[in-house]
Amino acid sequence: MDVTQYLVQLKAGNGASDVNTLCTQLAAAGTSCTYKYSSVLMGFAAALTSDQYTAMVADTKVQEVYADTTVTHQQVSSPTPSPTATATPAATPATTTTSSPATSATPEATTAATATPEASTAATASPEAATAANTTASPVTADTTSTVPSVGTAANSSATSNTTANDTVASTPTVLTTQQNADWDLDILDQPALPLDGKYEYTNNGAGVNVYVLDTGIRKTHTQFLYDPSLNIAGTRALHGWSAIGDSSNSDDCLGHGTHVSGSIGGLTYGVAKNVTLWAVRVIDCDGSAQSSAVIAGLDWLAQNYQLPAVASMSLGSDSPNQALDDAVTAIIDLGITAVIAAGNYNQDACQLSPARLPAGITVAASDKTDTRWTSSNYGTCVDLYAPGVSVLSAMDTSDTATMTASGTSMACPHVSGVAALYLQSNPTAQPNEVASTIVETAVTGQIINAQESLGTPNKFLQTYLDTAPTLTITPDALDPVVLFAGASFASTAASTQTIILANTGNSSVQFNVSATPTGLFGGWITVAPTTGAVAAGQSVSLVLTFDITENTFQTVLQAAVLITTSGRPAAKSMTASAYVFCTGLQNALPAATHSTSINFPLVQDTRPITADWPALADTNGSWIYFDAQIQFSHPVGTLATSALEINDGQGVIEALNNTGANGDLCGGFTIRARVPFSPWDTLQTTVGVTVQGAEVTDVYGVAFPTYTNTSTLDHRPVGQMFSPYMSYSGEQGLVTTDQNVVLLLVFSEPVNGLTASSFSISGPSGATVSGLKLLRGTNTYYHFTVTLPGTYYDAVTVNLQGTVTDTAGKVNLAVSPVSFTRVAYPLLSGTSYEVIKSPGLLTLT
């Protein structure tokens, strides 16, 4: 049975229940409603048989049954594939025409890439209505007779859980920012005539404005959609809205068209409004086309979830007039959303296409870098103006850094969407007709060659300078940090204030709004007053920031974004307020005060004996000196890296580095545990030292500390080594072949006191004795002694040093390891025959 896809629009007075009733009747006949609508229009989309179509036309609740026309993007075929870009276009500081600090993205050439289309599952979601509002709409009750999810509910959209873009801190240039080496499509927007000067100058960046991109989706992780690096804000400005294609929760781009136009709207390098918030509303499939029913579903979601100020960017068009699509676009315009629409790529009258023919939208034709109409661009009285649309470089969906050059009215449309965002940043309550009239009235006239004026096309070209509002001087340009001392207990009151002056140098009043939003986890510590008002011509107003950290319980750095929006120039200015909360010991640590470092050594020890305060680090090989050091800075440094420290000119090793601030990181105190190599046989003392490399340590104000070194000296405990006898008749080492006596050697690193024959014990044979302890002739640290063994004992023997042996300073030495050997009987040897051979180990010491 043949079926055809239709759009069914109900008459006024009918509601969602009537839509559900008709869809239930169709379901009983085996037909499903593809989408349900209740915001931009009341109705549904379904594939109907001829009998069902006749029944719908005759139904008293139905106003009209429309053909579900095909909608396509308005971009020409992709260019020849090129290698994907391997470098991210960097956002770098741009030069400014004033002393006000501002940053902007500077474009760098990247290699073009083309998208690989992927198959997409056909749409199965059916939109169902919620009451439209200018904030996120509450989800409506789901249709209990259908298994199809509703459009615009929290389950289908991330928009319901996002704050407005005005809640996101934005970087707004104070007066004028210049992007050097800008691509032609940006360069041409800020000058009324050729030749191009290689610059894109702007005063706004779209902060706080939402642009809903009804397209193929967006690659949201693309580096073009990151925040300006100067803001230190993680994440992306490209957010998931909704998808009418396949899974409603997946608005990723599988063609590249939506990513490209989004880059022209708000990319860091390629965008007109570089800090705008972009919402992906996927209504076009991976092949670049869809039905108008899917576009209406996206508009129905938008009507339930929009956040003002808002722009709907629609680089798409139906292949024929479609009243239902026109009605849906009109509905979102009535809600206060500015609609920007591609004129189409058919070299024909734009009034023959939907939604380009809508007078309430801004319909955009395309021109090239020579100010000449693109030959495929539509024209006519329904066109409002021209914008750059030929060989436009922007983001691509194949990787997070890929780019593509493309042409079409699809490319012209997003430039106007970006300029609309610039205007709405300064005029957030402006209605769509005001936005449209301002953009058209400020466009340069008579610039486009072959503009088709004889066919009613206006010869107007887009410009970014939209008004000549009075100038407002905002001082200071940047806020200095405020230093607060709450005290060790943090119980005392610690509040301070800062003042921002708004001075009106114009001849008319300027309205302002101001907010102070903490950027970290802790709120409530900053307020601003007044939050709104007006500055009369020639007058000034003081904005007072008040800091109160009585609820904070630790040292920290608190920051807040202060955003001032005005009806003059600058339209907005963002500033960062900082409060450093220090412990009372650093109350004099102001930036200009002398910076100093102190180091002391509470513990320095060699490896003997193992001590209770450092049991795990004892080294029986005697090769390391261990020590603790305490480092205190005169100013708060926050963190200290091990790379900023040097132990004994690089010969030592840091075992641990810890912050010792009582309540946080900014009291300036640290401890380290370290070790340095030494040889107890070569010296009686070892020096340990710590150097703080000043150039690598800065305080919270960014001021570097001077390099500083301190040392401590350790007088070692003595160390000794006992050597087993080497006595043999046959030359086999380690075997004792006498019946009675063997001789052992004991060497110390320095002279000792208290060593006697009773200082030794013998393990193994019963009745063994030590005698004949004496220094070797000519030495004061080499001893030898005789061990007498029972004549019938032939087994292992161990000699131990015990008792109290000290150096000349009275330090106890317990670090002489026992020595073991084995006595073996040889019948051919006489009982009194033996030979003493000097130990090879001893040779290395003498």
Side-chain angles (χ1 to χ4, degrees), residues 89 91-107 165 170-192 196-209 211 224-231 237 262-278 309 311 313 340 385 387-388 392-394 412 414-428 430 435 438-439 442-444 461-469 471-472 474 563-574:
T92 57
T95 58
T96 60
T97 57
T98 72
S99 59
S100 305
T103 58
S104 172
T106 299
S171 173
T172 303
T174 54
V175 176
L176 183 66
T177 301
T178 301
Q179 176 179 332
Q180 302 287 351
N181 304 315
D183 284 299
W184 81 268
D185 57 303
L186 295 183
D187 184 0
I188 204 167
L189 296 180
D190 62 357
Q191 57 185 73
L196 299 175
D197 61 5
K199 303 174 183 178
Y200 170 51
E201 297 180 334
Y202 56 93
T203 54
N204 282 3
N205 57 17
V209 180
V211 177
Q224 283 294 307
F225 307 132
L226 299 176
Y227 285 92
D228 187 312
S230 67
L231 296 176
R237 293 176 291 110
S262 297
S264 294
I265 297 168
L268 279 178
T269 305
Y270 308 114
V272 175
K274 300 179 184 299
N275 208 23
V276 75
T277 301
L278 299 160
V311 177
S313 189
V340 183
L385 77 168
V392 173
L393 179 64
S394 186
H415 289 84
V416 178
S417 298
V419 173
L422 300 183
Y423 183 75
L424 285 168
Q425 180 182 354
S426 301
N427 306 274
V435 177
T438 300
I439 290 175
T442 56
V444 61
F461 183 76
L462 179 67
Q463 293 284 278
T464 53
Y465 291 122
L466 303 178
D467 62 288
T468 56
T471 300
L472 202 65
I474 302 176
L563 179 62
I564 304 168
T565 59
T566 80
S567 60
R569 288 189 182 275
K573 179 178 175 62
S574 64

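All figures in this text were calculated on a predicted structure; none of them were measured in a lab.
Listed by chain and residue number, Y423, L424, N427, E434, V435 satisfy the side-chain contact (heavy atoms from CB on, under 4.5 Å) test with A430 (two or more places apart in sequence, or in another chain). Residues satisfying the side-chain hydrogen bond (donor to acceptor under 3.5 Å, both in side chains) criterion with S313, sequence neighbours excluded, are S417.
Of the residues listed (S262, S264, P388), the one engaging P414 in a side-chain contact (heavy atoms from CB on, under 4.5 Å) is S264, and it is the only one.
Distance alone, capped at 3.5 Å, is enough to place a donor-acceptor pair between the D187 side chain and the G198 backbone. Of the possible polar contacts, none joining the Q180 side chain to the K199 backbone as a donor-acceptor pair under 3.5 Å is found. When atom types are taken as modelled, the side chain of R237 and the backbone of L226 share a donor-acceptor pair closer than 3.5 angstrom. A donor-acceptor pair under 3.5 Å is absent between the side-chain atoms of Q224 and the main chain of S394, judged by distance alone.
When all heavy atoms of P428 and P309 are compared, the closest pair comes out as O-CB, 3.6 Å. For the residue pair E201 and T464, the shortest heavy atom distance occurs at O-OG1, 4.0 Å. Considering all non-hydrogen atoms of both residues, V311 and A420 come closest at CG2-CB, 4.0 Å. Of all heavy-atom pairs between K274 and L186, the closest is NZ-CD1, 4.0 Å. When every heavy atom of V276 is checked against every heavy atom of V209, the shortest pair comes out as CG2-O, 3.1 Å. Across all their heavy atoms, H415 and D185 have their closest contact at NE2-OD2, 2.7 Å.
The OG1 atom of T438 sits 12.5 Å away from the CG atom of L422 when rounded to the nearest 0.5 Å. Between the NZ atom in K573 and the CG atom in L563 there is a gap of 11.0 Å [rounded to 0.5 Å]. Between L268 atom CG and Q179 atom CD the span is 9.5 Å, to the nearest 0.5 Å. Within the model, atoms CD1 of I564 and CD1 of I474 stand 4.5 Å from one another, a figure rounded to the nearest 0.5 Å.
Contact annotation: the side chain of Y200 approaches that of V272 to within less than 4.5 Å [non-hydrogen atoms, C-beta and beyond]. At least one side-chain heavy atom of Y270 sits under 4.5 Å from a side-chain heavy atom of L393.
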